[in-house]
Enquirer: 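Below you will find the structure I want to go over with you.
Since we're looking at a predicted model, the values are computed, not measured. Proteins get letters first, then strands, A, B, ... in listed order; numbering begins at 1 in each.
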Number of protein chains: 2
Amino acid sequence: MNIYDVSRRAGVSIATVSRVLNGNPNVSEKTRTKVHAVMEELGYTPNVFARGLGLGTMKTIGIMCSDSSDPYLANAIYYLERQLRINGYDSILCCTGPFLDNKRTYFELLLSKRVDAVILAGSKFVELIDRDNDYLIEAAKELPIMLVNGYLDAPGIYSTVCDDYEAMYHVARRLIRSGRKEILYLYTSHSYSGLNKVQGYKNALSDHGIPVRRELIHQCAKDVTASRKLMEQLADSGLKFDAVMTSDDSLAVGAVKFAHIRSLAVPEELAIVGYNNSILSYCTNPEISSVDTKVEELCTTTVNTLMSVFGGGSAPAKTVIAADFIQKQTTNF
Amino acid sequence: MNIYDVSRRAGVSIATVSRVLNGNPNVSEKTRTKVHAVMEELGYTPNVFARGLGLGTMKTIGIMCSDSSDPYLANAIYYLERQLRINGYDSILCCTGPFLDNKRTYFELLLSKRVDAVILAGSKFVELIDRDNDYLIEAAKELPIMLVNGYLDAPGIYSTVCDDYEAMYHVARRLIRSGRKEILYLYTSHSYSGLNKVQGYKNALSDHGIPVRRELIHQCAKDVTASRKLMEQLADSGLKFDAVMTSDDSLAVGAVKFAHIRSLAVPEELAIVGYNNSILSYCTNPEISSVDTKVEELCTTTVNTLMSVFGGGSAPAKTVIAADFIQKQTTNF
DNA sequence: AGCCAGATTGTAAGCGCTTACAGAATAACA
DNA sequence: TGTTATTCTGTAAGCGCTTACAATCTGGCT
């Protein structure tokens, strides 16, 4: 069943059928109706490969993420996929796994599928340390590269980021103003957004005359248990803190556990702030105050920007989206 | 840059290049090496569309799921995607959204992409009530349909399911043996696995001489808050229960919240059992005893079965995987 | 009726790859 | 060395679609 069957049956040429298929206006209303009817009758579906061959594109976007089982990224994938579909695009998903083992290989695999663009979801894709981003910059010459929560200044690369700096600054300031003096800061990675977050924390302290103490800032695996253990360890080593800010809700969950084990009143003796306002922050008791990073908005904006790039319109190289602090039960300011 | 460039540069015909590309053994070692070298040198990547046109397939599997932001499905997607990639297949993701609005349209969209098979992740895809599965059965004549946690008896449809009946029977029996008499049962949907689960619960009660009481079985939205509210409501209406079994961890989280609000000792006064052993069950205090449904095994098995279908080997129409009960802190037997 | 612009349709040449078949080269053997 | 079997390589015909260009058909006008 192909375009010839349709053309024969409709008594027109394949060119006409093709035109109908592509919504070309140079077709009389009568033929258009006729062809549509035949396509319907025959249950005809154009062959995407042939189409792709002819057009050089297949309206497909590659989505790369580290680990779709991370609740935050899972959400992102959902929204990205949905918004792409609304715009008539499909998505090929590609998860590198939590360690981004060979992200470059995966990236090239996606390119080999002749996708029309690649969306990198998650800030871990942009290297801040060894700066191994050449392949992205190179690829961006050929097709749009969209970064969700990452930033790279190069032509063809578009970023949509959450204003992590501002969010963390805001949280830290409110903690300070409500009297917290020793704010522990736990983070998971040195990504673009990771650095912005910690900078917001640091600047807020400085701006309020509080010294930034190295021993209050710690990296931790993105894991409920890991963060609890780390905090126990820190407390045991004599470190004092009356609040803890985290770069991810999972760490904050560990903090709640820590407080429970040590019988600390939350938020009175220990204020806890999560990040991403994921479902995890609603599971604990007390529920964790967290920063809503607006995943949905982030994702729809990313796709919309991409569409305007496709449309030839101008698109901002970087869009910043404001976060929202959601006060729940682990803070009291 | 196409196959002609490579053939010219390597001084062979395009047929030979194509053979090398496809690992055809009828190529001398010398030419093979030469061609590989040239491909490397030129950075040649075959055009997937042309290839798809020629072969009629593109080694791509469609994955349909309701909602990738559900932690359970998110995990499933990750494992499916990974296992497919290991076998040299790509995946096109397609999320219908939590309400499965027009799953049929999505399904056909996937077919129109000429995928080699479709994997339906999540038991909600198979209709048990209005039995609107004709399109699946019809499609299965053309390409393999794989159900993860769903079952449909038709040629070309392969299922991999968790032994939900056994798991729930086991949990209920242990609760009963440890002295629980009034076990509340909360479930989210009437899916294939949903029915098996509740049947396990019912049979365990019957087999131990406990009457199955309708007022102890309730449907509830898959939502932390919804389940808490429902339980408060039930308790307020005078219903007594000393244990609660749930068909999903999110409901169990609500149960923990309920116990906390009503100051019930867990597990002494109220035992709580979750399902899926997702990260949510590790977030609460106390941590929720839950059933590990072996997502990873489920997914790898699904893909492996699919591969053996592709390979022409025999494949079981239904594979059952045993679940594991993970005792944590909300039960004591 | 004759002519022409504009609308509509058809013809045919790709797009880059696979593969059946034919042909060339090589190896094996007498 | 000649013959044949075997291995390797090339030619050319698709796969199903898009699209430039040519051809045809309108209707409005003189």
Enquirer: Are A:N47 and D:dG16 close enough that a side-chain N or O sits under 4.0 Å from OP1 or OP2?
Expert: no
Enquirer: Whole angstrom is fine here: how far is it from CD1 in A:I14 over to P in C:dG10?
Expert: 11 Å
Enquirer: Need to verify one output field. Residue with the more 5' nearest nucleotide on DNA chain C, B:R19 or B:V48?
Expert: B:V48
Enquirer: Categorize B:V12 for me: base, sugar-phosphate, or nothing, with a 4.0 angstrom heavy-atom threshold over every strand shown.
Expert: sugar-phosphate
Enquirer: To the nearest Å, give me how far apart CG (B:L53) and P (C:dG14) are.
Expert: 17 Å
Enquirer: Let's see if you get this right: which residues in residues 22-46 of chain B place a heavy atom under 4.0 Å from DNA chain C?
Expert: B:N22, B:Y44, B:P46
Enquirer: Is there a side-chain contact between A:S18 and the phosphate of D:dT18, meaning an N or O under 4.0 Å from OP1 or OP2?
Expert: yes
Enquirer: Measure from CG on A:L55 to P on D:dC17 and round the result to the nearest Å.
Expert: 11 Å
Enquirer: Any salt bridge between A:K34 and A:E29, counting N to O under 4.0 Å?
Expert: no
Enquirer: At under 4.0 Å, does any side-chain N or O of A:S13 touch on OP1 or OP2 of C:dT9?
Expert: no
Enquirer: For A:N2 and D:dT18, what is the distance between atoms CG and C1' respectively, to the nearest whole Å?
Expert: 14 Å
Enquirer: Side-chain polar contacts of residues 17-25 of chain A - donor-acceptor pairs under 3.5 angstrom, sequence neighbours left out - could you list them?
Expert:
from: A:S18; atom 1: OG; to: A:N22; atom 2: ND2; distance (Å): 3.4
from: A:N22; atom 1: OD1; to: A:R51; atom 2: NH2; distance (Å): 3.1
from: A:N22; atom 1: ND2; to: A:S18; atom 2: O; distance (Å): 2.7
from: A:N24; atom 1: OD1; to: A:N26; atom 2: N; distance (Å): 2.8

Enquirer: Less than 4.0 angstrom from a charged side-chain N to a carboxylate O is my criterion; do A:E142 and A:R114 meet it?
Expert: no
